[in-house]
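As structure tokens, the structure follows; a few thoughts come after it.
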Amino acid sequence: GVGPSPLEGGDPGQWEKDRKQGRGFTWGQSPTDVTIEIDVEKCTAADIKVVMAPRKVTVKRKGETLLEGGLFDRINCEESTWHLDSGKQLVLSLEKIKQCYWEDVLEGPSARPPA
């Protein structure tokens, strides 16, 4: 398990290493942002569509939904970005509105795993 968050006097390095497996993706966080990594079949950025809302994110590749769901807390859409790494991994960097630790990146049942 992970100790108290750095905001509660815990070790920040432990949180940096706390990478979690999600449903078809890996994610990690710092007090200010969340990073989501999704492995995809080789493609170009033009094949990817990412829609970010303050409490929701949707990721599609060639029309297929890879990730969709309500976020654990609000993000700053204007400061949040994404990029395709080597055409095989999609990386989303979500900027948190308030500094806090998320128990999970997506809210429960609305999170759709890839088919």
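Residues take their numbers from the sequence shown, with the count starting at 1.
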Nearest heavy-atom contact between Met52 and Cys77 is O-SG, 3.7 Å
Is there side-chain contact between Val34 and Trp27, with heavy atoms separated by less than 4.5 Å? yes
Is there a side-chain contact between Asp73 and Ile97, using heavy atoms and a 4.5 Å cut-off? no
Working to the nearest 0.5 Å, report the span between CD1 of Ile38 and CZ of Arg61. 11.0 Å
Backbone of Ser93 reached by a side-chain donor or acceptor of Thr35 within 3.5 Å: no
For the atom pair CG (Leu106) and CG (Leu67), what is the distance rounded to the nearest 0.5 Å? 5.5 Å
Looking only at heavy atoms, what is the nearest atom pair of Leu71 and Ala53, with distance? CD1-O, 4.2 Å
Picking from Asp33, Ile75, Thr81, what satisfies side chain to side chain contact (heavy atoms under 4.5 Å, CB included) with Leu94? Ile75
Basic-acidic side-chain contact under 4.0 Å: Arg55, Glu107: yes
Can you confirm whether Ile36 sits close enough to Val91 that some side-chain heavy atom of one is under 4.5 Å from a side-chain heavy atom of the other? no
Taking atom CD of Gln99 and atom OG of Ser30, what is their separation to the nearest 0.5 Å? 8.0 Å
Could you measure the distance from the CG atom of Leu90 to the CG atom of Asp47? Nearest 0.5 Å is fine. 11.5 Å
Side chains of Val51 and Val57: closer than 4.5 Å at any heavy-atom pair? no
Close side-chain approach of Leu84 and Val40, heavy atoms under 4.5 Å: yes
First locate atom CZ of Phe25, then atom CG of Leu92, and finally report the distance between them rounded to the nearest 0.5 Å. 10.0 Å
Step through the shown structure and confirm whether more than 12 heavy atoms of other residues, nucleotides or ligands are within 6.0 Å of NZ on Lys42. yes
So do the side chains of Tyr101 and Gln29 get within less than 4.5 Å of each other, counting heavy atoms only? yes
Enter the distance from Leu66:CG to Thr58:OG1 here, rounded to the nearest 0.5 Å. 11.0 Å
If you define the side chain from C-beta out and look only at heavy atoms, does anything of Glu95 sit under 4.5 Å from Thr32? yes
Can you check whether Glu41 reaches Lys88 side chain to side chain, under 4.5 Å on heavy atoms? no
